[in-house]
Amino acid sequence: MAKILSSKEESYSQWYNDLVVKADLAENSAVRGCMVIKPYGYAIWEKIRDTLDGMFKETGHSNAYFPIFIPKSFFSREAEHVEGFAKECAVVTHYRLKQSDDQTGLVVDPDARLEEELIVRPTSETIIWDTYRGWIQSYRDLPILVNQWANVVRWEMRTRLFLRTAEFLWQEGHTAHATREEAVEETRQMLGIYADFAEKWMAIPVLKGVKTESEKFAGAEDTYCIEALMQDGKALQAGTSHFLGQNFAKAFDVKFLNRQNQLEYVWATSWGVSTRLMGALIMAHSDEHGLVLPPRLAPIQVVIVPIFRNEEQFSAIRAVAEKMVKDFKACGIRIKFDDRDTHKPGYKFTEHEFRGVPLRIALGPKDLENHTVELARRDTLTKEILPMEGITGHIEQLLETIQDNLLAKAKAFREANIHKVNSWNEFKETLENKGGFLYAHWDGTPETEEKIKAETKATIRLIPLEGDPEDGVCVYSGKPSKQRVVFARAY
RNA sequence: CGGGAUGUAGCGCAGCCCGGUAGCGCGCUUCGUUCGGGACGAAGAGGCCGGAGGUUCGAAUCCUCUCAUCCCGACCA
């Protein structure tokens with residue numbers, strides 16, 4: 001079995017970059033910080049998108065679309081929001097190019113300056129709340145449950161394929177409610193949907209919690225998040241859901257008349273996941289043979305590789321393979337018959353393995369003779385010979401087994417990397433030698449949080465939602481604490 | 001914006017010190033043998049050596065200036 005990747009232990013980031021490129025998921029583009037998502041990578045994203053889209057609709061949300069450009073003035077309406085995003089905005093200042101005076105190329109036409117500059121959206125709260133003002137007069141207009149699938153731009157200094165790119169794809173839900181309680185409930189519901197999706201589809205267990213004041217979304221009252229643990233012991237924020245209070249309603253003057261005929265500001269939420277999930281997916285399961293995909297998200301779940309010496313054998317195999325493809329498709333299994341005659345079987349084995357196809361069927365003359373197939377599992381790298389009869393049902397089952405196995409493996413890994421630490425020395429030592437999630441007492445002050453970050457690069461990933469209250473003392477300051485929070489180094 | 005490095009064939013690199021016909025591996029094309037874990041042989045195609053200036057009879061190589069990219073830090077889903 002071919003090992004094409006550098007070892008994860010040697011250089012995890014090298015391993016990750018090579019994998020993304022070699023598995024045909026994405027590549028760097030001519031534009032700094034922006035990626036090209038290749039067809040195979042995009043197919044995975046489409047599965048993620050379509051599944052989540054269905055879950056949003058199940059819970060009463062509808063899709064809509066708002067402009068990519070946001071008037072600069074909108075941003076300054078919400079003080080925290082503008083402060084959070086101002087440093088990373090792309091700005092449109094002109095609307096026309098012209099031939100340069102010396103005729104050597106195009107220049108920006110100075111006469112075509114925009115009266116008001118436009119921001120390329122880093123997120124859409126402002127434009128959406130400006131729009132909602134016109135949609136909402138009465139409690140009868142509420143709630144508004146809208147989501148949009150879009151691209152956004154955040155001018156990042158350092159970028160990495162999928163994990164942090166200047167432009168990325170995401171969904172952003174923006175809801176408006178008549179009461180605080182309802183908005184909080186929505187925020188938590190969507191967090192639950194993200195957590196559910198991560199576990200059931202991506203086979204990634206996540207922690208749910210609330211961000212600290214310094215880590216929360218600019219403009220939110222509370223930011224909820226799911227955090228996943230990557231194989232190198234670093235945490236990755238996989239999704240966020242914000243309770244925005246009445247901040248944006250106040251900034252954009254969005255009021256409604258309640259049942260008591262009183263004017264009130266509207267309550268808001270927003271929530272999102274991005275193409276970053278692709279990074280999580282890759283780093284959660286893959287190995288030195290390449291990508292490992294959970295069957296539920298794999299664009300191709302089963303591939304059939306024919307083995308033949310001559311045209312006669314090939315056509316005999318083709319007949320059997322095409323019948324199998326038909327049977328599998330009838331069961332809703334995504335199967336592909338790799339009938340290219342331009343590559344040899346060994347090459348195809350490696351290639352599909354690299355791209356994370358969960359199951360591979362090899363079909364050769366011996367199999368036709370014995371009515372068998374050779375079945376190889378990507379997650380365990382094991383092979384077995386099975387009778388052709390009943391193969392469809394067997395594989396249907398096996399795909400579920402693989403899905404479960406990946407989640408179980410990821411869970412076991414996470415359990416092994418959760419550490420309760422009780423002293424500052426223990427904190428530093430564990431972080432350095434083991435990584436993972438550190439459960440530790442914290443005195444609740446941003447100052448301590450900041451100092452810990454400066455000294456160790458570890459941040460508070462979240463305050464657990466279902467944390468057991470437990471009296472203790474802050475690992476750093478020794479001041480009293482009521483609950484452990486989760487620290488980690490993060491992406 | 002600080003610190004470090006690199007620009008030579010589609011990709012990965014050597015050549016540069018010591019100036020003199022531009023090379024290697026992979027990939028690509030054709031033919032033949034192969035085909036149950038990235039096949040082998042033979043023959044081919046492909047490059048103003050990032051750009052501009054200079055030194056020289058002669059520059060990938062020396063000098064100056066530029067542009068770009070990557071890595072490491074400060075910011076972030």
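Chain A is the first sequence line, chain B the second, and so forth, proteins listed ahead of strands; every chain is numbered from 1.
A donor-acceptor pair shorter than 3.5 Å cannot be found between the side chains of A:Gln237 and A:Tyr491.
Classification of A:Glu227 and A:Arg414 as a salt-bridged pair fails, no side-chain N sitting under 4.0 Å from a carboxylate O. Using a 4.0 Å cut-off between a side-chain N of Lys or Arg and a carboxylate O of Asp or Glu, A:Lys216 and A:Asp222 do not qualify as a salt bridge. A:Asp287 has a carboxylate O that lies under 4.0 Å from a charged side-chain N of A:Arg378, or vice versa, which qualifies the two as a salt bridge.
Following rounding to the nearest Å, A:Tyr347 (OH) and B:G37 (C1') show an atom-to-atom distance of 14 Å. Distance, A:Met157 CE to B:C71 P: 15 Å, rounded to whole Å. At whole-Å resolution of the value, CD1 in A:Ile317 and P in B:C35 are 13 Å apart. Atom pair A:Lys348:NZ and B:U34:P shows a separation of 18 Å (rounding to whole Å applied). As a whole-Å value, the separation of A:Tyr16 OH from B:C70 C1' is 17 Å. Regarding A:Asn28, its CG atom lies at a distance of 10 Å from the C1' atom of B:U69, rounded to whole Å. Atom CD in A:Glu27 sits about 11 Å away from atom P in B:C11, given to the nearest Å. The nearest whole Å value for the distance from the CD atom in A:Gln14 to the C1' atom in B:G12 is 12 Å.
The residue A:Leu163 sits close to a base: some heavy atom pair falls under 4.0 Å. Using a 4.0 Å heavy-atom distance criterion, A:Asp367 is classed as a base contact. In this structure, A:Lys366 reaches the bases: a heavy-atom distance under 4.0 Å links it to at least one base atom across the strands shown. Residue contacts shown for A:Thr165 include a base, since a base heavy atom lies under 4.0 Å away. Counting non-hydrogen atoms under 4.0 angstrom, A:Arg160 reaches nothing in the nucleic acid. No contact: A:Tyr491 has no heavy atom under 4.0 Å from any strand. If you check every strand for non-hydrogen atoms under 4.0 Å, A:Glu156 touches a base.
For the P atom pair drawn from B:U56 and B:C13, the interatomic distance equals 36 Å after rounding to whole Å. Of the C1' atoms belonging to B:G25 and B:U21, the separation is 23 Å, rounded to the nearest Å. Comparing B:U34 with B:G41, their P atoms sit 16 Å apart, to the nearest whole Å. Rounded to the nearest Å, the gap between the C1' atom of B:G46 and that of B:G10 is 9 Å. With both ends at atom C1', the span from B:A39 to B:A52 equals 49 Å, rounded to whole Å. As rounded to the nearest Å, B:G15 and B:G27 have P atoms that lie 24 Å from one another. Rounded to whole Å, the P atom of B:A9 lies 24 Å from the corresponding atom of B:G19. On the C1' atoms, B:U8 is 15 Å away from B:U69, given to the nearest whole Å.
Shortest non-hydrogen contact noted between A:Leu375 and A:Ile361 is CD1-CG1, 3.7 Å. Of all the heavy atoms in A:Lys348 and A:Pro306, the pair that sits closest is NZ-CD, 4.1 Å. Shortest non-hydrogen contact noted between A:Tyr194 and A:Thr240 is CE1-O, 3.5 Å.
Pair check for B:A60 finds none; no Watson-Crick or G-U wobble contact set falls under 3.5 Å. Nucleotide B:U6 has B:A68 as its partner under the Watson-Crick or G-U criteria, with both atom distances under 3.5 Å. Pairing for B:C24 goes to B:G12, judged as Watson-Crick or G-U wobble with the two contacts each under 3.5 Å. Nucleotide B:U33 forms a Watson-Crick or G-U wobble pair with B:A39, both donor-acceptor distances falling under 3.5 Å. Pairing for B:U55 is absent, with no Watson-Crick or G-U wobble pair whose two atom distances lie under 3.5 Å. In this structure, B:G19 makes no Watson-Crick or G-U wobble pair, since no nucleotide meets both defining distances under 3.5 angstrom.
Residues A:Lys457 and A:Gly364 both approach RNA chain B. Their nearest nucleotides, taken by heavy-atom distance, put A:Gly364 toward the 5′ side.
Checking B:G36, B:C75, B:G37 against the side-chain heavy atoms of A:Ala362 singles out B:G36 as nearest. When distances are taken from the side chain of A:Arg32 to each of B:C70, B:G37, B:A74, the shortest belongs to B:C70. Counting only heavy atoms from C-beta on, A:Ile307 has its side chain closest to B:C35 among B:G37, B:C75, B:C35. Listed nucleotides B:G37, B:G36, B:C71 differ in distance to A:Arg360; the shortest reach to its side chain belongs to B:G37.
Residue A:Arg309 has no polar side-chain atom (N or O) positioned under 4.0 Å from OP1 or OP2 of B:U34. The phosphate of B:C75 (OP1 or OP2) has no side-chain N or O of A:Arg154 nearer than 4.0 angstrom.
Using a 4.5 Å cut-off on side-chain heavy atoms (C-beta onward), A:Leu244 and A:Thr269 make no contact.
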(message) Using the rule given for side-chain hydrogen bond (donor to acceptor under 3.5 Å, both in side chains), can you reason through A:His352 versus A:Asp338, listing the C-alpha separation, both sets of side-chain angles and the distance that settles it, and then say yes or no?
(response) CA-CA 10 Å; A:His352 294 299; A:Asp338 187 351; 2.7 Å; yes

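The stretch residues 337-345 of chain A touches RNA chain B through A:Lys344, A:Pro345, each having a heavy atom under 4.0 angstrom from the strand.
The side-chain hydrogen bond (donor to acceptor under 3.5 Å, both in side chains) contacts involving residues 77-94 of chain A comprise nothing, where partners must be two or more places apart or lie in separate chains.
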